[in-house]
S.K.: 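The structure is given below, and queries will be raised subsequently.
We're numbering straight along the sequence, starting at 1.
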Amino acid sequence: MRERQIGIVSLYQYLERVATMEKVKIIPLVGIEFAGVTVALSSSREDVKKSLGEPYSIWKNALFYFNNELRFDFDNDGKVEFIEFLGGIAGKLQPIIYGVSVFQSKADDLYDILSEKNHGDIDDSENGYSYGFLNISVGIFRPSIPEDIEDMIEDAAEDGEPMDEEEIEYEMKKANYWATIGIGIENYYR
């Protein structure tokens, strides 16, 4: 019984640290590190649960943690093949990659850093909404791009229902910052 209590106390302390905007280090092709915990790509489902406890939710072959801000996808052998951060700029989990805050950095700045580190092919087939950096197995996504918001502002004005400053600011934030980042095993995006 004592062992279980210690586990609960450590998990509670761990969650408390995460809830205060814990910085999570993303290491492409390796895994993630934060709050003294490392979860590697290719870790087993059981290892993830030992490290993080029971998931917040489960969907198909994925475990979600921290109010669904962190997702682990598993292959057919039960090994982590993909890790994704879903909280965006307003999320509690604020991952860092190559020393840069993913969700607090402008989209173009992060794109430039990932391009440089990738040293090769980039899947840009979604016209600015998402990119797959093939050599480092990193993917980024945003629901809109700045041009979309400019069109939205024009359309709203033409319809006689112009957007207010708060709406414009909210939409521009979604366009100028990445909403998700994921890392996969080698060749995940190929």
S.K.: Before giving the answer on side chain to side chain contact (heavy atoms under 4.5 Å, CB included), spell out for T38 and K25 the whole-Å C-alpha distance, their side-chain angles and the decisive distance to 0.1 Å.
M.R.: CA-CA 9 Å; T38 299; K25 185 176 181 183; over 6 Å; no
S.K.: Under a 3.5 Å distance rule, please check whether R142 uses its side chain to pair with a backbone N or O of Y177 as donor and acceptor.
M.R.: no
S.K.: Consider side chain to side chain contact (heavy atoms under 4.5 Å, CB included). Of I140, L114, N118, D123, which one does Y131 pass it with?
M.R.: I140
S.K.: Find out if a path of hydrophobic residues (ILVMFWY) with successive side-chain heavy-atom gaps under 4.5 Å connects F72 to F141.
M.R.: no
S.K.: State yes or no: do I113 and I122 share one hydrophobic cluster built from I, L, V, M, F, W and Y residues joined by side-chain heavy-atom distances below 4.5 Å, directly or via other members?
M.R.: yes
S.K.: List the atom pairs, with distances to 0.1 Å, where a side-chain N or O of residues 147-155 and a protein N or O form a donor-acceptor pair under 3.5 Å, not counting sequence neighbours.
M.R.:
unit_1 : atom_1 : unit_2 : atom_2 : d
D148   : OD1    : Y129   : OH     : 2.9
D148   : OD2    : Y129   : OH     : 2.5
D148   : OD2    : I145   : N      : 3.2

S.K.: Could you pull out all residues at least two apart from S130 that satisfy side chain to side chain donor-acceptor pair (under 3.5 Å)?
M.R.: E126
S.K.: Could you check whether any side-chain N or O of Y65 sits under 3.5 Å from a backbone N or O of G53, counting only pairs where one atom can act as donor and the other as acceptor?
M.R.: yes
S.K.: In Å, rounded to the nearest 0.5 Å, how long is the span from OG of S44 to NZ of K49?
M.R.: 10.0 Å
S.K.: For the atom pair CG (L63) and CD (E54), what is the distance rounded to the nearest 0.5 Å?
M.R.: 8.5 Å
S.K.: Would you find a donor on one side and an acceptor on the other, under 3.5 Å apart, between the side chain of D75 and the backbone of E81?
M.R.: no
S.K.: Side chain of D164, backbone of E166: donor and acceptor closer than 3.5 Å?
M.R.: yes
S.K.: What closest approach, in Å, do L41 and I183 show between heavy atoms, and which atom pair accounts for it?
M.R.: CD2-O, 4.0 Å
S.K.: Please report the interatomic distance CZ(F74) to CG(N61), rounded to the nearest 0.5 Å.
M.R.: 7.5 Å
S.K.: Looking at every heavy atom in both G184 and L29, which two are closest together, and how far apart are they?
M.R.: O-CD2, 4.0 Å
S.K.: Less than 4.0 Å between a side-chain N and a carboxylate O, is that true for K174 and E171?
M.R.: yes
S.K.: Counting only N and O atoms by type, is there a donor-acceptor contact under 3.5 Å from the side chain of S43 to the main-chain atoms of V80?
M.R.: no
S.K.: How long is the span from the CG atom in N135 to the CD atom in E186, to the nearest 0.5 Å?
M.R.: 9.0 Å
S.K.: Can you find a pair of side-chain heavy atoms, one from V48 and one from K79, that are under 4.5 Å apart?
M.R.: no
S.K.: Taking all non-hydrogen atoms of both residues, which atom of Q94 and which atom of G88 are closest, and how far apart?
M.R.: NE2-O, 3.2 Å
S.K.: Taking ILVMFWY side chains as joined if any heavy atoms are under 4.5 angstrom apart, and letting links pass through other members, which residues group with L86?
M.R.: W59, F64
S.K.: Distance check, rounded to the nearest 0.5 Å: N67 atom CG versus K92 atom NZ?
M.R.: 8.0 Å
S.K.: How close do I58 and K60 get, counting heavy atoms only, and between which atoms?
M.R.: CG2-O, 4.2 Å
S.K.: Hey, is the main chain of K106 close enough, under 3.5 Å, to the side chain of N176 for a donor-acceptor pair?
M.R.: no
S.K.: What closest approach, in Å, do P143 and A179 show between heavy atoms, and which atom pair accounts for it?
M.R.: CD-CB, 3.9 Å
S.K.: So, for G31 and I83, which heavy atoms are closest and what is the spacing to 0.1 Å?
M.R.: CA-CD1, 4.3 Å
S.K.: L93, V37: one ILVMFWY side-chain cluster at the under-4.5 Å cut-off?
M.R.: yes
S.K.: Decide side chain to side chain contact (heavy atoms under 4.5 Å, CB included) for F103 and L110; before the verdict, give the C-alpha distance in whole Å, the side-chain angles of both, and the deciding distance to 0.1 Å.
M.R.: CA-CA 9 Å; F103 298 137; L110 184 63; over 6 Å; no
S.K.: Let me confirm one number: the OG-CG distance from S42 to D47, rounded to the nearest 0.5 Å.
M.R.: 11.0 Å
S.K.: Among the clusters formed by ILVMFWY side chains lying less than 4.5 Å apart, do V100 and I136 turn up in the same one?
M.R.: yes
S.K.: Does the side chain of V24 come within less than 4.5 Å of F85's, by heavy atoms?
M.R.: yes
S.K.: For F133 and Y111, run ring-ring contact (aromatic ring centres under 6.0 Å, His included): C-alpha distance rounded to whole Å, both residues' side-chain angles, the deciding distance at 0.1 Å, then the answer.
M.R.: CA-CA 9 Å; F133 299 88; Y111 173 88; 5.7 Å; yes
S.K.: Would you call I32 and L70 a side-chain contact if the rule is heavy atoms closer than 4.5 Å?
M.R.: yes
S.K.: Check whether any side-chain heavy atom of I96 lies under 4.5 Å from a side-chain heavy atom of E33, and answer yes or no.
M.R.: no
